[in-house]
Amino acid sequence: MDGKIVSRLILEARMAAANAYCPYSEYAVGAALLASDGTIWRGCNVENASYGVTCCAERTALFAAVAAGHRAFDALAVVAGPDGGPPASPCGVCRQALAEFCSSDMPVYCASLSGENLKETTIGAMLPDSFSRSTMSRS
Ligand code: THU
C-alpha cells in the first residue's frame, strides 16, 4: 500500500488514541480504518469501572464505520502506548470482529503510540482459519 496512505492512517490512529478513555489500564490505543470509499474511521479504547464492559479501539472504529453504512475496508492502522514501545497487537475478539468485514489479505499496520516500530501484517495472518459464515454452510 502507498506509503503516504500508511503514514496518514498511522497519524489518524495516533489522533484517535488522544481520545482514549483508559484510566484503569493507562494503556491508550488508537485505530484508523480505511473504508473502500476513502473515508477513515477512528476509534479509541473506552474503558469502564466494570472492566469487562470496555471496548477496544479497533471495534470502536469498525462499529462506527459499519453504523455509518460502510462494509468494505482496505486497511487498518493501530497504535498503542507507551511511546516507542512494542507495536500494538489487536486482541482476539477484535480480530474476529474485523474478519467479518475485512478480506484475509487486507493489510494491518501496527505501531507504538508514537508511530514507531511499525509492523505490517494481514487479517488472515492475524486470524488463520477464522470462524465465518462459510464455516456454517451445509454444502
Ligand atoms: N485494547 C484495545 O483497545 N485493543 C486491543 O486490541 C487490545 C486491548 C485496550 C483494552 C483496554 O482498554 C486496554 O487496551 C488494556 O487491555
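Values below: all heavy atoms of this structure, side chains included; hydrogens, waters and symmetry mates excluded. All ligand and atom numbering here is 1-based and tracks the order in the structure. Quick caveat: nothing in here was measured; it's all calculated off a predicted structure.
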Item checked: Protein heavy-atom partner closest to atom 12 (O) of ligand 1 - residue, atom, separation in Å -> Glu47 OE2, 2.5 Å
Margin query: Contact between ligand 1 and Ala80 is defined here as a heavy atom of the residue under 4.0 Å from a ligand atom; is it met?
Written below: no
Check: Which bit of Ser89 gets closer than 4.0 Å to ligand 1, counting heavy atoms only: side chain, backbone, both or neither?
Finding: backbone
Note to self: Show me which atoms of ligand 1 lie under 4.0 Å from any heavy atom of Ser25.
What the structure shows: 13 (C), 15 (C)
Notebook entry, point to check: Can you find a non-hydrogen atom of Cys22 under 4.0 Å from ligand 1?
Noted result: no
Notebook entry, point to check: Is there at least one pair of N or O atoms, one from Cys91 and one from ligand 1, spaced under 3.5 Å apart?
Noted result: yes
Notebook entry, point to check: Looking only at N/O atoms, are Glu58 and ligand 1 under 3.5 Å apart anywhere?
Noted result: yes
Margin query: Do Ser112 and Ser114 pair up side chain to side chain, a donor and an acceptor below 3.5 Å, judged on atom types alone?
Written below: yes
Note to self: Under 4.0 Å from a heavy atom of Pro90: which atoms of ligand 1 are those, numbered in the order shown and with their elements?
What the structure shows: 6 (O)
Checklist line | Nearest-0.5 Å distance, CD1 of residue Ile123 to OG of residue Ser103 | finding: 8.0 Å
Check: In the protein, what heavy atom is nearest to atom 10 (C) of ligand 1, and what distance, to one decimal place, separates them?
Finding: Thr54 CG2, 3.9 Å
Margin query: Quick test of your reading: applying side-chain hydrogen bond (donor to acceptor under 3.5 Å, both in side chains), list the pairs with at least one residue in residues 19-37, sequence neighbours left out, ordered by first then second residue.
Written below: Ser25-Glu47, Asp37-Thr39
Checklist line | ligand 1 N/O within reach of Cys56 N/O, cut-off under 3.5 Å | finding: no
Notebook entry, point to check: Which atom names give the shortest non-hydrogen contact between Ala13 and Ala32, and what distance separates them?
Noted result: N-CB, 3.7 Å
Next item on the list: Around atom 14 (O) of ligand 1, find the nearest protein heavy atom and jot down its residue, atom name and distance.
Entry: Tyr27 CD2, 3.4 Å
Notebook entry, point to check: Phe101 vs Phe73 aromatic rings, parallel, tilted or perpendicular, using cut-offs 30° and 60°?
Noted result: perpendicular
Check: Which residue and non-hydrogen atom of the protein lie closest to atom 9 (C) of ligand 1, and at what distance in Å?
Finding: Asn45 ND2, 3.6 Å
Margin query: Side chains of Val108 and Thr122, heavy atoms from C-beta outward: is any pair under 4.5 Å?
Written below: no
Note to self: Are Tyr109 and Met1 packed together at the side-chain level, in the sense that at least one heavy-atom pair is separated by less than 4.5 angstrom?
What the structure shows: yes
Margin query: Can you report which non-hydrogen protein atom sits closest to atom 3 (O) of ligand 1, along with the distance?
Written below: Ala57 N, 2.9 Å
Notebook entry, point to check: Can any side-chain N or O of Thr60 pair as donor or acceptor with the backbone N or O of Cys44 at less than 3.5 Å?
Noted result: yes
Notebook entry, point to check: Do the side chains of Val29 and Leu98 join up, straight or via other hydrophobic residues, at under 4.5 Å, putting them in one cluster?
Noted result: yes
